[in-house]
Each structure stands twice: as C-alpha cells, then as structure tokens.
Amino acid sequence: IKYQMIKELYEHAYIDSELFQKENRISPATYYRRISELNDLLEEYYLVIKRNRIQGEEKQIRYFFYIFFWGIEENKDFLDNSTKQQYDLFFDTLQKKMKINFDTSSILQMKMWLEISDSRLAWRKQFMFSNTYETMERPLLNQIREVFENAPLNRKERNSQNEILMFYDFFVSTKMFSSVSS
C-alpha cells in the first residue's frame with residue numbers, strides 16, 4: 001500500500017484518498033495509518049505527506065523519489081531505452097565540457113534524475129527552496145549552465161535557475177566530490 005501511495009504521489013503529485021481507499025480496498029483508518037508510517041520514513045528527508053501531497057523542499061522531494069526508484073527498480077534498462085535519444089546530446093555535451101567520461105551507471109543515474117525532474121515539472125505548482133539555496137557556492141555552475149544552454153533538454157518549459165542548481169547538486173553528488181570543491 002505504501003509503495004502504491006508513493007507511486008501515486010510521483011505520477012500525480014496528489015493522492016485522491018477516497019479513490020485510493022476504494023481501489024485498494026482499505027479502510028480510512030488503514031489509509032491514514034499508512035500515511036503516518038510513510039511520514040515516519042519521510043522524516044529522514046525532511047518531507048511530509050500533508051493534505052494528500054508530499055511537502056518539503058523540492059530538491060529533497062526529487063532526491064527521495066530518486067533514492068526510492070533507484071533502489072526499487074533492479075533492471076534499469078527501461079531508462080536506457082526510453083530516454084536514449086532525449087538526453088544523448090545533453091550527456092555528450094556534458095562529458096566534453098567537464099572532460100569526463102561517464103560510465104553506464106552514472107548516465108542511468110542522471111537519466112533517472114532528469115526523468116523525475118520532468119515528472120515534477122509536469123505537476124508544477126509552487127516549488128519550495130531554502131532561503132540560502134541560490135547563494136551556495138558552486139564552482140562548476142557556469143560549466144553546467146553552459147551545457148543546459150548549448151544542449152537543452154527537450155522540455156516544454158525552459159530550465160530555470162533552480163532546475164540547473166538542482167541538477168548541479170545531484171551531478172556533483174554522483175561524482176563523489178564535494179559540491180564546493182575546485
């Protein structure tokens with residue numbers, strides 16, 4: 001049930017509690033007990049499910065979904081096939097700009113992050129960011145910004161500053177070096 005709740009939050013950014021209870025044949029008490037259990041788990045990410053929506057800082061929401069789906073989906077081939085052409089130019093440009101060769105796992109991790117970002121953008125309401133989020137020092141930010149400008153992702157909306165910052169933070173975390181290292 002909790003897995004289905006997380007999928008519902010990911011796919012629709014909202015859980016219609018009455019419909020969910022009916023489809024999953026659970027009582028309101030069971031529904032709210034599972035929400036409470038999920039909130040205990042989400043506490044580690046500084047997130048909470050309130051009013052049938054996941055709430056918290058946007059970067060944390062995306063990171064939670066990334067960790068969740070990366071751990072659940074053993075076979076990552078669906079990412080490689082479904083996003084092969086969509087992100088090829090982006091990754092080629094990123095590799096050239098950063099003078100790095102990505103292994104298959106790193107590319108799949110970034111594809112999953114971008115897929116989650118695209119999904120969140122589709123449900124865009126108002127994203128929450130900490131007051132200091134845009135002011136953090138990010139030495140590689142200009143290079144990442146250039147990649148977004150020179151090899152734009154096929155999105156309906158232009159990449160905002162915060163979209164680029166979230167990708168930057170995720171990118172440096174996958175390369176296992178500090179986001180403030182030179």
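The chain is numbered in sequence order, starting from 1. Only a predicted model underlies this, so the values are computations on that prediction, with no experimental measurement involved.
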[X] and [Y]: which non-hydrogen atoms are nearest, and at how many Å?
{"X": "Arg62", "Y": "Ser117", "value": "NH1-OG, 3.1 Å"}
{"X": "Ile49", "Y": "Leu42", "value": "CG1-CD1, 3.5 Å"}
{"X": "Met128", "Y": "Gly56", "value": "CE-C, 3.4 Å"}
{"X": "Ala13", "Y": "Arg53", "value": "O-NH1, 3.3 Å"}

To the nearest 0.5 Å, what is the distance between [atom1] ([X]) and [atom2] ([Y])?
{"X": "Ile72", "Y": "Ile67", "atom1": "CD1", "atom2": "CD1", "result": "11.5 Å"}
{"X": "Leu89", "Y": "Thr93", "atom1": "CG", "atom2": "OG1", "result": "4.0 Å"}
{"X": "Ile26", "Y": "Ile1", "atom1": "CD1", "atom2": "CD1", "result": "4.5 Å"}
{"X": "Glu11", "Y": "Phe65", "atom1": "CD", "atom2": "CZ", "result": "9.5 Å"}
{"X": "Gln60", "Y": "Gln55", "atom1": "CD", "atom2": "CD", "result": "15.0 Å"}
{"X": "Ser130", "Y": "Glu58", "atom1": "OG", "atom2": "CD", "result": "12.5 Å"}

Do you reckon [X] sits in the same ILVMFWY cluster as [Y], going by side-chain contacts under 4.5 Å, direct or chained?
{"X": "Val48", "Y": "Leu9", "result": "no"}
{"X": "Ile116", "Y": "Tyr14", "result": "no"}
{"X": "Ile15", "Y": "Leu19", "result": "no"}

Between [X] and [Y], is any pair of side-chain heavy atoms under 4.5 Å apart?
{"X": "Glu115", "Y": "Phe69", "answer": "no"}
{"X": "Gln109", "Y": "Tyr66", "answer": "yes"}
{"X": "Phe167", "Y": "Met110", "answer": "yes"}
{"X": "Tyr168", "Y": "Pro139", "answer": "yes"}
{"X": "Ile164", "Y": "Leu141", "answer": "yes"}
{"X": "Asn52", "Y": "Tyr31", "answer": "yes"}

Problem - Residues Asn24, Gln4; criterion side chain to side chain contact (heavy atoms under 4.5 Å, CB included); working and verdict - result: CA-CA 9 Å; Asn24 291 282; Gln4 292 301 328; 4.3 Å; yes

Practice task
Decide if atom OH of Tyr46 counts as having more than 12 heavy atoms of other residues, nucleotides or ligands within a radius under 6.0 Å.
Solution key: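 No, OH of Tyr46 has 12 or fewer neighbouring heavy atoms, counting only those of other groups under 6.0 Å.
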
Handout entry: Evaluation steps, side chain to side chain contact (heavy atoms under 4.5 Å, CB included), between Arg138 and Asp169
Key = CA-CA 8 Å; Arg138 293 177 173 94; Asp169 293 345; 2.9 Å; yes

Anything under 30° is parallel, anything over 60° is perpendicular, the rest tilted; go ahead and classify [X] against [Y].
{"X": "Phe91", "Y": "Tyr87", "value": "perpendicular"}
{"X": "Tyr63", "Y": "Tyr45", "value": "tilted"}
{"X": "Phe129", "Y": "Phe127", "value": "perpendicular"}

Handout entry: Qualifying salt bridge (charged side-chain N to carboxylate O under 4.0 Å, His left out) pairs with a residue from residues 12-29, counting only residues at least two apart or across chains
Key =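 Not a single pair qualifies under salt bridge (charged side-chain N to carboxylate O under 4.0 Å, His left out).
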
Practice task
Test the Arg34-Phe20 pair against the cation-pi criterion, namely NZ or CZ under 6.0 angstrom from the six-membered ring centroid and within 45° of the ring axis.
Solution key: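 No, cation not above the ring by the 6.0 Å, 45° rule.
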
Practice task
Using side chain to side chain contact (heavy atoms under 4.5 Å, CB included) as the criterion, list what pairs up with Ser36, not counting sequence neighbours.
Solution key: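 Scan of Ser36 (side chain to side chain contact (heavy atoms under 4.5 Å, CB included), adjacent residues dropped) gives none.
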
Handout entry: Test item: Gln95 side-chain N/O and Phe102 main-chain N/O as donor-acceptor pair under 3.5 Å
Key =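 The answer is yes, because a donor-acceptor pair under 3.5 Å joins these two groups.
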
Problem - Salt-bridge present (Glu163, Arg120; N to O < 4.0 Å) - result: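 Salt bridge: no.
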
Practice task
Would you check, one step at a time, whether the test side chain to side chain contact (heavy atoms under 4.5 Å, CB included) holds for Tyr10 with Ile54?
Solution key: CA-CA 9 Å; Tyr10 174 72; Ile54 192 165; over 6 Å; no

